[in-house]
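Reading through the structure tokens given below for one structure.
Note on naming: letters A, B, ... go to the chains in the order of the sequence lines (proteins, then strands), and numbering restarts at 1 for each one.
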Amino acid sequence: MEKVRPGTPEARVLEGYIMSTLFYEPSTRTRLSFESAMARLGGTVLSTESAGEYSSAAKGETLEDTVRTVEGYADCIVIRHFQEGAAKRAAAVASVPILNAGDGPGQHPTQALLDLYTIQREIGRLNDIKVGMIGDLANGRTVRSLCMCLSMYDNVQLYFVAPDVVRMRDDIKEYLTARGVKWTEVTDLREVAADVDVLYQTRIQRERFSNMDEYNAARGKYIIDKELMSHLQRHAVVMHPLPRVDEITVDVDSDPRAAYFRQARNGLYVRMALLKLCLADR
Amino acid sequence: MEKVRPGTPEARVLEGYIMSTLFYEPSTRTRLSFESAMARLGGTVLSTESAGEYSSAAKGETLEDTVRTVEGYADCIVIRHFQEGAAKRAAAVASVPILNAGDGPGQHPTQALLDLYTIQREIGRLNDIKVGMIGDLANGRTVRSLCMCLSMYDNVQLYFVAPDVVRMRDDIKEYLTARGVKWTEVTDLREVAADVDVLYQTRIQRERFSNMDEYNAARGKYIIDKELMSHLQRHAVVMHPLPRVDEITVDVDSDPRAAYFRQARNGLYVRMALLKLCLADR
Amino acid sequence: MEKVRPGTPEARVLEGYIMSTLFYEPSTRTRLSFESAMARLGGTVLSTESAGEYSSAAKGETLEDTVRTVEGYADCIVIRHFQEGAAKRAAAVASVPILNAGDGPGQHPTQALLDLYTIQREIGRLNDIKVGMIGDLANGRTVRSLCMCLSMYDNVQLYFVAPDVVRMRDDIKEYLTARGVKWTEVTDLREVAADVDVLYQTRIQRERFSNMDEYNAARGKYIIDKELMSHLQRHAVVMHPLPRVDEITVDVDSDPRAAYFRQARNGLYVRMALLKLCLADR
């Protein structure tokens, strides 16, 4: 997908196909990358930036009815919703493919796929890797999904580095243990940095905190800066689902091991592949 | 139009043409179906989801000025406005075709066309039919337009079934009588269901009621559910302009006589035909 | 660019290319004309009508990070921002072309280009012209930019006609004087109208006034109406960046010397040329 160029037959493989985005929650990044993926393959997009606010939802229409209507206008639907299970409910009534672009505290499967794709591209393998996950591990949908995905590979070692109030939850820990994935909770970020292949940093989400003192303490605790990068192995990379605030300092951006903008771009390729799979290869 | 497939010459008939949507009022359904129609024929869309909020309107620009500007950028304009007559005002100054996608309490002509198209497809004729209209007949733009359209056909019999506060208004009744269309007001929905070819249900619009008790009484009065469907003739169909709230129960959806999602899809075909007519066949 | 027609090879010169709009400030006119320009050349648009509200910006992401992400999805980015210098900051980190569609009180370069293009087309030259600028000359970004652009031509004579509170600022006056451009401040609009090749009217921006009495006085002071048009030379034209409120009366619209809607349309051609230059001609 990275080799698709304007004007080539590959760039027209979805010509005439229509993808509709139904975003009940804002997400510029995910929406634009899905829309770009469709456009890169010659397809067309019907866009709804804020479905909840404008659409029939305001008049009391159910998600199921909206989906059954929109499937009349599009060949596939990309849905982002604030409720867990929304994509599943949509898929249950739809006759066109539904792509889950995040369902509240539930899953964000295309993010997990692009994370795996990025690790494979950057490190060269998905087995036999050590991954340090940092930041808001309690609420971070992406790290939770990534843990589950990594459990399918062999000899994966996970390190969790989180402020106390947002530690990785027991459900994931038990899931990993049951599948024989080694994990440990660590407090020294430098030690982890020196040992891992991937440092996966996440944003402390202000909106999860009722107490601003707690937020500020959590937020400043684990920062990746130039000094920390000096501990990282030469082949290792730093990833981040973005957006970032200050948990990675901007002077790290120029380090070749800063993989987060490449990671964002990989979202495009992964979504191109998914759309081709759903529409052209059926 | 239902036979247009990706990759065929029919799917490129509007290639290079641009349609702009100017929606001063939200309407996901109508907007997406117009945009899909344009895309299905190879055309491009410039979309404005909420023209009133973002555009120059906020700076005091008149609708006429907006239209004279946007016509410089597009080959046709689809306009949805909260004021009656807005589309007519736009058409008066425009040098490109203006398509009325609903002008406040005025008209919604493409909805009326898709309703006619649906009756023709489902029942096989537009003459010699019996149609029951249910719900908010006072404010429902679609039933008012449909009455006027049906008056062009022969031997049409209409039944109006509405809560007292939202009965069909005199202007339409007089219009029908003057054109020799038979109409009667009925209170027993079952009796009507047993007799008609088409049951056209509408949503009781909460925003029209100042008194919530009245709203709730009106809202629960005429529901189409499985029991009522047992009275409907085998060849008859249930239509609804959507969105629905609970005036048709979801267990009716699987009944083959539930035509409302097919009706929504017909909006696509009717709008494809209109766009082709306005742009390619001129 | 005015001769590009649907279905011709010129109309496909940007096929497969993607332009993303990042609008942190509403501007229907500018956004639609950029999007139309891209579509007229066969390109695709990823649209963000209100980037500030929906995007990661709300989560604390910097403009630089947003740009580095979006450049992964698009071949060029059109940015409109409320802060002066935003486009420059974006360009500093971007690997794709950034087009400035207005950066707060800073510049609006594509507007200045279309203004020049319009004068050239309407009057036939950019040297040896007399231009009267009217209205809010203190805050009007377009007149300020136009002054600077016109200073590159020979023998340009400028007249400034503004209410006291919004007179042209010293920085521009000094800029012009330093470059040998003749300018004078005048209070009699009729006298100016009789002398110039171009009357460039602007809107008094209500949002700039804290005192509504001052606003109303400023607003009504210099109106272009039919009577005033009788003083204008036969070959001269009236321009306006739009939107207008009442500073040009609508009965002037039908006068062939009213060039403002043609001017708006020229924005399309100028932006087509810019996009082709940035993407296809590199």
Original post:
Listed by chain and number, what are the side-chain hydrogen bond (donor to acceptor under 3.5 Å, both in side chains) partners of A:Asp246, not counting sequence neighbours?
Top reply: A:Arg219
**OP:** For residues A:Asp136 and A:Val143, determine if any side-chain heavy atom of one lies less than 4.5 Å from a side-chain heavy atom of the other.
**Re:** no
Subject >> C:Ile18 and C:Tyr73, any side-chain heavy atoms less than 4.5 Å apart >> reply: no
Subject >> By salt bridge (charged side-chain N to carboxylate O under 4.0 Å, His left out) - contacts of C:Arg271 (at least two apart) >> reply: none
**OP:** Among A:Arg40, A:Arg206, A:Arg203, single out the residue with the greatest number of heavy-atom pairs under 4.5 Å to chain C.
**Re:** A:Arg40
**OP:** Report the residue from A:Thr142, A:Leu146, A:Val161 that forms a side-chain contact (heavy atoms from CB on, under 4.5 Å) with A:Met133.
**Re:** A:Leu146
Original post:
Quick one: does A:Met272's side chain get under 4.5 Å of A:Leu274's, heavy atoms only?
Top reply: no
Original post:
Are any of the side-chain heavy atoms of C:Arg29 and C:Leu242 separated by less than 4.5 Å?
Top reply: yes
**OP:** Heavy atoms only: give me the nearest C:Ala90-C:Ile79 pair and the separation to one decimal.
**Re:** CB-CD1, 4.2 Å
**OP:** Sort C:Val70 into side chain, backbone, both or neither according to what part of it lies under 4.5 angstrom from a heavy atom of chain A.
**Re:** side chain
Original post:
So with a 6.0 Å cut-off around CZ of A:Arg121, is the heavy-atom count from everything else above 12?
Top reply: no
Original post:
Does the side chain of C:Gln205 come within less than 4.5 Å of C:Val166's, by heavy atoms?
Top reply: no
Original post:
Among C:Thr62, C:Leu46, C:Thr44, who wins on heavy-atom pairs under 4.5 Å with chain A?
Top reply: C:Leu46
Original post:
How would you list, in number order, the residues of residues 253-266 of chain A that have a heavy atom less than 4.5 Å from chain C?
Top reply: A:Asp253, A:Phe261, A:Ala264, A:Arg265
Subject >> Heavy-atom closest contact (A:Leu275 atom, A:Phe34 atom, distance) >> reply: CD1-O, 4.0 Å
Original post:
In terms of heavy-atom proximity below 4.5 Å to chain A, should C:Thr69 be classed as side chain, backbone, both, or neither?
Top reply: both
Subject >> Structural part of C:Glu71 lying under 4.5 Å from a heavy atom of chain A >> reply: backbone
Original post:
How would you list, in number order, the residues of residues 4-17 of chain C that have a heavy atom less than 4.5 Å from chain A?
Top reply: C:Glu15, C:Gly16, C:Tyr17
Subject >> For A:Ala37 against A:Leu268, the heavy-atom pair lying closest together >> reply: N-CD1, 3.3 Å
